[in-house]
Number of protein chains: 2
Amino acid sequence: MLSITCKTAIKATIYLASKLESEQKASIKEIAEYIDASEHTVGKMLQTLVKENIIKSAKGPSGGFFITASQTQLSVLKIVLAIDGEDRFNECGLGLSKCSSTHPCPIHNDYKIIRDGFKKICVENKIADLSVPFNKGVAFLMG
Amino acid sequence: MLSITCKTAIKATIYLASKLESEQKASIKEIAEYIDASEHTVGKMLQTLVKENIIKSAKGPSGGFFITASQTQLSVLKIVLAIDGEDRFNECGLGLSKCSSTHPCPIHNDYKIIRDGFKKICVENKIADLSVPFNKGVAFLMG
DNA sequence: ACAATAAAAGTATTTAAATACTTTTATTGT
DNA sequence: ACAATAAAAGTATTTAAATACTTTTATTGT
């Protein structure tokens, strides 16, 4: 449903949100280790999130990536749109190209419910909703 | 949700099912043209479907691919499993690796509903259900 | 028997996503 | 000022999926 990079982005963002209270910044290395992903992939992807104003970054010593309280109120959808784009929610489940509401394929309505349901999850869950303070454990983030 | 090849497989199978009544076989070329896909891709993929007994083939002049009445009673799931494999229905929506029913991530249950819903569509829809006799038009199959 | 046809099968290339590497820029603390 | 740090940015490689090409095998009709 989502690309690997997009899932990595969600994990990284949740990790940053879990550190919100501690006010600590996290380096690429730290994030990559925590979510068990490649440093290079994580670095590139974090740049995109910064550009889209989903997280913030600071260069130099004691720099790193972090998220603000207001940014944790953004929906998960924002991350998905930033990394995977909007098309993710507009495909026919069976790939029937001419499928649309005016010319529906046999499972059009069944699938629309599923697709819209997934989008709803992304819209209704804020980044903060998926995070728990660091001390409560974010074990489910680790591979 | 499904790979391009898997969607192509579904389209091709529906096309064959739409020709069931006419008892005509279809060549790779004909199928590829109809569903607007590459002949090579379609050829390879049809081989897989034949091996998995989802469709049948005949070599030689007046040969080609076809589907039997009993095969049209197979579920769409069979095609998905043959091409994409079972893993397609076992991933956490957000890629949270340690996510499971005993250790659920925050959206585990919401997403499970979605994922299971999609699988249900694949299980409950027979190939025959997605097909209409050729003369009724299969316009939605074309790109 | 033989030519024609069409799938089967094997191999090669292309493409896009993911991953890896290198250089540059900005910031900090001394 | 300068050394150290860490992200930003640019480029290169790897990987897997998709697509392309070639040869072989089976079947049919003459």
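Throughout, a chain's letter reflects where its sequence line sits, starting with A, and its residues are numbered from 1. As the structure is a computational prediction, the values presented were derived from the model and not from experiment.
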Ranking dA7(C), dA4(D), dA8(D) by distance to the side chain of Lys59(B), first place goes to dA7(C)

4.5 Å side-chain heavy-atom contact, Leu49(A) and Met45(A): yes

Can you tell me the distance, in whole Å, between the CG atom of Asp84(A) and the P atom of dA17(C)? 10 Å

Need the pair for dA20(D). Rule: Watson-Crick or G-U wobble, both distances under 3.5 Å, any strand; none if unpaired. dT11(C)

Nearest-Å distance, CE (Met45(A)) to P (dA20(C))? 14 Å

Separation of Lys56(B) atom NZ from dT27(D) atom C1', in whole Å? 17 Å

Now, which nucleotide makes the Watson-Crick or G-U wobble pair with dC2(C), with each of the two distances under 3.5 Å? dG29(D)

Closest heavy-atom pair and its distance - Val42(A), Thr8(A): CG2-CG2, 4.1 Å

Side chain of Ser27(A) - closest among dA7(D), dA7(C), dA9(D): dA7(D)

Check: Lys44(A) side chain, dT11(D) base, donor-acceptor under 3.5 Å: yes

For DNA chain C, whose closest nucleotide is more 5', that of Glu39(A) or that of Ala58(A)? Glu39(A)

Can you tell me the distance, in whole Å, between the NZ atom of Lys25(A) and the P atom of dA7(D)? 11 Å

Between Gln71(A) and Thr68(A), is any side-chain donor less than 3.5 angstrom from a side-chain acceptor? yes

Quick one: Leu46(A) CG to dT19(C) C1', roughly how many Å, whole number? 15 Å

Tell me the interatomic distance from His40(B), atom NE2, to dT15(C), atom C1', rounded to whole angstroms. 16 Å

Does dA18(D) have OP1 or OP2 sitting under 4.0 Å from an N or O in the side chain of Thr41(B)? no

Expressed in angstrom and rounded to an integer, what is the separation of Glu33(B) atom CD from dA6(C) atom P? 13 Å

For the side chain of Ser3(A), counting heavy atoms from C-beta on, which of dT27(D), dA8(C), dA18(C) is nearest? dA18(C)

Whether Ser38(B) contacts dA20(D) is assessed here as follows: a side-chain N or O lying under 4.0 Å from the phosphate OP1 or OP2. Is that the case? yes

Please classify the nucleic acid contact of Ile28(A) as base, sugar-phosphate, or nothing, using heavy-atom distances under 4.0 Å. sugar-phosphate

Indicate, yes or no, whether a donor-acceptor pair under 3.5 Å links the base of dA7(C) to the side chain of Gln47(B). no

Nearest-angstrom distance from the residue atom CD1 of Ile55(B) to P of dA7(C): 10 Å

Using modelled atom types only, decide if a donor and an acceptor are shared between the side chain of Lys11(B) and the backbone of Asp36(B) within a distance under 3.5 Å. no

What is the nucleic acid contact for Ala26(A), judged by heavy atoms within less than 4.0 Å: base, sugar-phosphate only, or nothing? sugar-phosphate

Ring-face cation contact, Phe66(B) with Lys25(B), 6.0 Å cut, 45° max: yes

Compare the minimum distances between each of dA18(C), dT28(D), dA8(C) and the side chain of Pro61(B), then state the nucleotide with the smallest one. dT28(D)

Can Lys19(A) and Glu30(A) be counted as an ion pair, charged N to O under 4.0 angstrom? yes

Minimum-distance nucleotide to Ser57(B) side chain [options: dT5(D), dA7(D), dA7(C)]: dA7(C)

Just to confirm, is there a sub-4.0 Å distance from OP1 or OP2 of dG29(C) to any side-chain nitrogen or oxygen of Ser62(A)? no

